[in-house]
Amino acid sequence: MKKIITGLFLWLSVCAYSQETLNAMFYNVFKFPNSLPQNRQLILRDILDDYKPDLFMICELATENGANLILNTSLQNQVDPYARAVFVADLTDTADPLQTMVFYNQRKLTLVGQQTLPTVYRDINQYSFQLNVNATDPINLEVFVAHLKSSTGPANRQMRFDMVEAVTQQLQNLTQPNTYVLFAGDFNFYNSTEDGYQKILDPTNTIKLIDPINAPGSWQDNASFSYLHTQSTRLSSTGFGGGANAGASGGLDDRFDFIMMSENFNTSSRFSYVNGTYSAYGNNANCLNKSVNDATCTGTYSVTLRNNLYNMSDHLPVVMQFQINEPLATTSLKKEKALMWFESSNISDAEVVIGIDASRFDTQNNKIYIYNTLGQLVKTVAINNQSSITVSIENLTAGMYFIKSNGSSTVLKFIKK
């Protein structure tokens with residue numbers, strides 16, 4: 001009897017050890033980091049601290065500096081080390097360029113490749129991952145992130161269909177065994193009868209994709225789908241700037257944001273979707289045509305989180321969880337915190353805000369130095385054990401500058417307008 005109990009204990013221990021959760025999030029971060037309010041990377045940090053995504057997929061990234069702000073500031077409190085994909089500029093609309101990007105937990109995922117799928121309106125990016133499982137046969141995860149054409153009308157619906165078709169055609173090239181697919185984005189679908197949505201679910205696709213929530217219908221302004229609405233987080237765009245830079249208003253009444261998945265997530269014993277975890281993050285299902293932080297929209301999601309979501313973007317994130325049913329490979333991977341990083345935009349005419357790991361400075365080395373492109377020292381700033389330093393650059397001439405410290409190879413670049 002003792003042997004049976006011991007064996008059962010060991011079996012349960014192995015099972016517990018071999019299961020890891022992969023948290024996925026897609027978020028339209030609305031012209032990040034350019035739109036108001038300022039320093040949204042700090043607001044986003046609080047949102048990500050709450051959910052802790054292992055795979056963070058975004059659209060409406062305006063600049064590569066924005067990607068670095070998310071990696072070095074918004075994700076700085078995560079326990080595991082994170083990385084991002086290579087920034088590839090989308091040149092479709094040079095007047096308002098917006099890109100997709102992925103950030104990922106390096107303990108759980110390895111990015112093995114990426115490519116761009118040009119479309120009739122905006123590029124779609126494909127990111128190829130492998131799970132860091134301790135197995136001879138890899139688990140492959142292909143991630144497509146898109147921002148489909150917005151607005152109603154037959155021409156816009158056709159454009160969304162054509163963009164979706166670029167992904168479904170690419171599925172034909174995914175021939176590796178043990179391949180799983182996520183197709184995430186701001187799809188701008190108003191109902192489930194739209195051709196683009198139906199094309200994603202077409203059972204004749206080389207890899208069958210499904211909607212995890214399986215809630216067909218007319219989503220727009222429909223109280224039956226209040227729990228799925230992701231736009232707009234704001235009843236009014238007052239206070240967020242003017243015109244298109246202020247974002248959408250009108251309150252929550254559209255299901256624009258999606259994460260679709262391959263059907264094998266529901267049948268696999270290795271890598272599986274956790275039922276019931278798909279949600280519009282921050283939506284308490286009682287906020288139709290209201291701001292997400294409205295006092296009457298109480299529920300599971302706290303007012304603190306909902307205030308952050310209100311200020312961060314005119315969209316809500318979409319989240320879901322997956323179970324990795326095998327142990328991850330043991331590695332010596334260790335998170336190395338950056339010495340310095342930007343907590344503001346690195347393009348300014350007034351000031352830049354620098355995050356500092358003050359623990360790595362001492363009385364002998366307690367300053368940062370700013371140089372121009374000629375290598376001339378133009379400014380010295382004392383750290384004084386501060387974790388965040390606001391540096392005035394109003395008196396500098398327009399151009400590029402470099403921030404350095406003694407005893408470190410870390411160099412930050414900023415542009416004075």
Side-chain angles (χ1 to χ4, degrees), residues 19-30 32-33 40-61 66-85 99-111 114 125 127-132 139 141-147 180-186 212-213 230 233 257-261 265 271-283 292 300-302 304-306 308-309 311-313 315-324 328 333 335:
Q19 291 183 340
E20 288 265 4
T21 299
L22 185 84
N23 292 349
M25 173 185 280
F26 167 76
Y27 201 0
N28 179 329
V29 292
F30 187 56
F32 185 85
R40 282 192 294 151
Q41 64 274 11
L42 302 178
I43 299 172
L44 180 58
R45 180 181 63 190
D46 291 342
I47 294 169
L48 299 184
D49 285 353
D50 192 84
Y51 186 70
K52 300 177 178 59
D54 299 299
L55 176 63
F56 182 42
M57 305 164 282
I58 67 170
C59 73
E60 292 212 14
L61 175 68
N68 292 331
L69 285 173
I70 292 174
L71 180 63
N72 297 322
T73 299
S74 303
L75 288 164
Q76 72 181 78
N77 292 337
Q78 304 303 308
V79 174
D80 292 326
Y82 279 68
R84 66 170 174 85
Q99 287 73 222
T100 70
M101 176 58 66
V102 293
F103 305 83
Y104 58 96
N105 183 335
Q106 291 181 283
R107 186 175 67 86
K108 299 181 181 182
L109 293 167
T110 297
L111 182 65
Q114 66 181 83
N125 286 316
Y127 306 97
S128 302
F129 290 95
Q130 285 188 349
L131 273 65
N132 297 332
I139 298 177
L141 175 62
E142 297 290 338
V143 176
F144 297 88
V145 186
H147 188 184
Y180 301 78
V181 176
L182 295 179
F183 182 15
D186 177 358
I213 204 69
T230 59
T233 59
D257 303 273
F258 294 77
I259 304 177
M260 312 294 262
M261 70 180 190
F265 276 113
F271 189 28
S272 55
Y273 167 59
V274 180
N275 289 327
T277 59
Y278 186 105
S279 68
Y281 195 65
N283 186 340
V292 70
T300 302
Y301 296 109
S302 70
T304 299
L305 173 65
R306 291 184 287 118
N308 284 328
L309 292 166
N311 286 303
M312 177 60 205
S313 173
H315 288 249
L316 291 178
V318 176
V319 300
M320 62 192 305
Q321 293 181 332
F322 301 92
Q323 194 75 39
I324 306 171
L328 296 178
L333 194 64
K335 181 175 180 178

Taking every non-hydrogen atom, the tightest pair across L305 and G282: CD2-CA, 4.5 Å
Minimum side-chain heavy-atom gap S313-V29 below 4.5 Å: no
Side-chain heavy-atom pair P317, F26 within 4.5 angstrom cut-off: no
Beyond-backbone contact of H147 with N28, side-chain heavy atoms, under 4.5 angstrom: yes
Criterion side chain to side chain contact (heavy atoms under 4.5 Å, CB included) on M260 and F144, from CA distance to verdict: CA-CA 10 Å; M260 312 294 262; F144 297 88; over 6 Å; no
Distance (rounded to the nearest 0.5 Å) between N311 CG and I47 CD1: 9.0 Å
Test ring pair (Phe, Tyr, Trp, His ring centres under 6.0 Å) applied to F103 - qualifying residues, sequence neighbours left out: F56
Results of ring pair (Phe, Tyr, Trp, His ring centres under 6.0 Å) for F258 - residues two or more places apart only: F187, F189, W219
Whether Q99 side chain and L61 backbone form a donor-acceptor pair below 3.5 Å: yes
Closest non-hydrogen atom pair between Q114 and L111, with its separation: OE1-CD2, 3.9 Å
L182, V145, L55 screened by side-chain contact (heavy atoms from CB on, under 4.5 Å) with I259, the one that passes: L182
Partner residues of D50 under the side chain to side chain donor-acceptor pair (under 3.5 Å) criterion, sequence neighbours left out: Y281
Any residue meeting side-chain contact (heavy atoms from CB on, under 4.5 Å) with Q130, in chain and number order, not counting sequence neighbours: V112, P138, N140
For F129, all residues meeting ring pair (Phe, Tyr, Trp, His ring centres under 6.0 Å), sequence neighbours excluded: Y104
L131 vs L109, side chain to side chain contact (heavy atoms under 4.5 Å, CB included): CA-CA, chis, key distance, verdict: CA-CA 5 Å; L131 273 65; L109 293 167; 3.8 Å; yes
Side-chain donor-acceptor pair present, N283, R306, cut-off under 3.5 Å: no
With T230 via side chain to side chain donor-acceptor pair (under 3.5 Å) - residues at least two apart: D257
Close side-chain approach of M261 and Y180, heavy atoms under 4.5 Å: no
Residues forming a side chain to side chain donor-acceptor pair (under 3.5 Å) with T100, sequence neighbours excluded: N125, Y127
N105: side-chain contact (heavy atoms from CB on, under 4.5 Å) partners, not counting sequence neighbours: D54, D80, Y82, R107, K108
M312 side chain reached by F32 side chain, heavy atoms, under 4.5 Å: yes
Shortest non-hydrogen contact between L309 and Y27, atoms and distance: CD2-OH, 3.6 Å
Distance (rounded to the nearest 0.5 Å) between Q323 CD and L22 CG: 10.0 Å
Atom pair CE (M320) and CE (M25), whose distance is rounded to the nearest 0.5 Å: 13.0 Å
Contact summary for P33 and G66, nearest pair of heavy atoms: CD-CA, 3.8 Å
Interatomic distance, T73 atom OG1 to L44 atom CG [nearest 0.5 angstrom]: 10.0 Å
Test salt bridge (Lys or Arg N to Asp or Glu O under 4.0 Å) applied to R45 - qualifying residues, sequence neighbours left out: none
From K52 atom NZ to N77 atom CG, the distance as rounded to the nearest 0.5 Å: 9.0 Å
Residue pair E142 / F183, side-chain heavy-atom distance below 4.5 Å: no
With T21 via side chain to side chain donor-acceptor pair (under 3.5 Å) - residues at least two apart: none
Q78 versus L48, closest heavy-atom pair with distance: NE2-O, 3.4 Å
Parallel, tilted or perpendicular, as decided by the 30° and 60° cut-offs, for the rings of F265 and F271: perpendicular
Gap separating the CG atom of N68 from the OG atom of S74, nearest 0.5 angstrom: 11.0 Å
Flag side-chain contact, heavy atom, 4.5 Å: S279 against Y301: yes
